[in-house]
Amino acid sequence: MRSRRILIGISGGIAAYKIPVLVRLLVKSGFEVKCILTPNASEFVSPLVLSTLSLNPVESNLISDDKRWINHVELAEWCDLFLIAPLTANTLAKMANGICDNLLLSTYFSMKGKVMVSPAMDLDMYAHPTVIRNIELIKNDGVLVLPAEFGELASGLLGYGRMMEPEKILEEVQKEFEKKNLKLKGKKVLITAGPTYENIDPVRFIGNHSSGKMGYALTKSFLSSGCEVILISGPTSLSIEHPKLTRINVISAEEMMKSVKKYWKKQSIGVFAAAVSDYRPEITEIQKIKKNKNNRDLKLVKNPDILEWAGLEKDNQLLVGFALETENGIEHASAKLKNKNLDYVVLNSTEDTGAGFGHDTNKVTILDKKMAKIELSLKSKYEIADEIVEIIAQSF
Ligand code: CTP
């Protein structure tokens, strides 16, 4: 049976008094629960009550009262989901900006699996532009943010800012566990991501604006579904580490092809999100090209189509490609689906604002072999990645 371990991180807000009820609901629903608190949170909820209900010790400092170092990495690895509730503006700001001054935050920054948060603030705080900005930042880092609700607040004011009720949080947690499909656990996945650079001379190259964000978001999502991932990445500034991840850095399309050829046969799933340069210079000059001519011709030759090769070699494997189109999106994307022998094609259109290269958000349409269309609204690349993984899981 699938493990159902939840770590609850409680930060110092009035709504913390409701967490014992949530712990009880989760334990009754078959979850294994551990709680950690920020130092302030124990003013609002008793660690003794939490440890009694969760059946586990409760910690709030990196060094425990009996002078033991609390291993935040182990806590992060232990859980399938880290739920931070209530999330205060202070803890939110620290999460968004890399400040790591307590056990809860150290655990957050060690997390490789899913993180869900349930904010609770007074209405003016919840509507403050800084808080709105910080919520967007953590969403783009892949955190699932439950909306705060409308109602009476601790200040006596009426408005948005109440923490979601424990019963509803339980529903959201259960949804998340149903989503992360068991069928994908242990599957081997190959992902290509980022741009490729095709060298002209030792200092210049042909490249494109791909940031690699979509491929890295997919990597994260497959890893949190229990897959083993080989990420073949073109040059990006992104970083990702996980015990079940092998990352192979490449520069050019030919190098990417070589790595894909090495690994593809043993994979069950391939998701090709890289923006591969279709052409490369016929000759890469050994010395830097000097500006001693008024005109220069650069002769380009075609690069191998890596996805097309994987489609030809496909044998009971599930293959997903991306299509970035500037016009007639559906038409071009469905042609790619057929020509490259794909099971799904994910269409990005440059016509949509907030979608495509460099953005944290994306708007895609997913087509399958029967030409069924799933149109997703503008969402963070992490949310899109989760939906793509969910659709793939349904094919097994
Ligand atoms: N792709 C690839 N190798 C290439 C070119 C593209 O693996 N040399 C993959 C991309 O990773 C993506 C898909 O093919 O999943 C679509 O790439 P795109 O450049 O949009 O399409 P092309 O097939 O190159 O067609 P065109 O440039 O004519 O749109």
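As the structure lists them, so they are numbered: ligands from 1, and atoms in each ligand from 1.
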Which residue and atom name correspond to the protein heavy atom nearest [atom], and how close is it?
atom	answer
atom 1 (N) of ligand 1	Asp305 OD1, 3.9 Å
atom 7 (O) of ligand 1	Leu307 N, 2.9 Å
atom 14 (O) of ligand 1	Lys340 NZ, 3.0 Å
atom 15 (O) of ligand 1	Phe272 O, 2.6 Å

Those residues that, when tested against Arg280, pass salt bridge (charged side-chain N to carboxylate O under 4.0 Å, His left out) (two or more places apart):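 Testing Arg280 for salt bridge (charged side-chain N to carboxylate O under 4.0 Å, His left out), a comparison that skips the adjacent residues, returns Glu254.
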
Can you find a protein heavy atom under 4.0 Å from atom 28 (O) of ligand 1?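 It does not: no protein heavy atom is found less than 4.0 Å away from atom 28 (O) of ligand 1.
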
Without swapping roles, check the side chain of [X] against the backbone of [Y] for a donor-acceptor pair under 3.5 Å.
X	Y	answer
Asn208	Ala275	yes
Trp69	Ile63	no
Glu74	Asn71	no

Tell me, do Tyr279 and Ile206 make a side-chain contact under 4.5 Å, heavy atoms counted?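 A side-chain contact under 4.5 Å is absent here.
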
Per-atom contacts, ligand 1 versus [X] - under 4.0 Å to a heavy atom:
X	answer
Gly321	15 (O)
Phe322	12 (C), 13 (C), 15 (O), 16 (C), 17 (O)
Leu324	20 (O)

Please report whether ligand 1 has a polar contact with [X], defined as an N or O pair separated by less than 3.5 Å (distance criterion only).
X	result
Ala275	no
Ile306	yes
Pro304	yes

Only heavy atoms count here, so choose which of Glu254, Lys302, Lys336 is nearest to atom 25 (O) of ligand 1.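 Heavy atom nearest to atom 25 (O) of ligand 1 belongs to Lys336.
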
How long is the straight-line distance from CG of Leu48 back to OG of Ser42, given to the nearest 0.5 Å?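 Between atom OG of Ser42 and atom CG of Leu48 there are 12.5 Å.
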
Heavy atom of Ala274 under 4.0 Å from ligand 1?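 So Ala274 counts as touching ligand 1.
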
Heavy atom of Asp278 under 4.0 Å from ligand 1?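 Yes, Asp278 has a heavy atom closer than 4.0 Å to ligand 1.
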
Can you confirm if the aromatic rings of Tyr160 and Tyr126 lie within a centre distance of less than 6.0 Å?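 They do not qualify: ring centres at least 6.0 Å apart.
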
Using side-chain hydrogen bond (donor to acceptor under 3.5 Å, both in side chains) as the criterion, list what pairs up with Lys261, not counting sequence neighbours.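 Per chain and number, Lys261 pairs via side-chain hydrogen bond (donor to acceptor under 3.5 Å, both in side chains) with no residue.
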
Taking NZ, NE, NH1 and NH2 as the nitrogens, is one of them in Glu59 or Arg68 under 4.0 Å from a carboxylate oxygen of the other?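 A salt bridge is present here (some side-chain N lies under 4.0 Å from a carboxylate O).
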
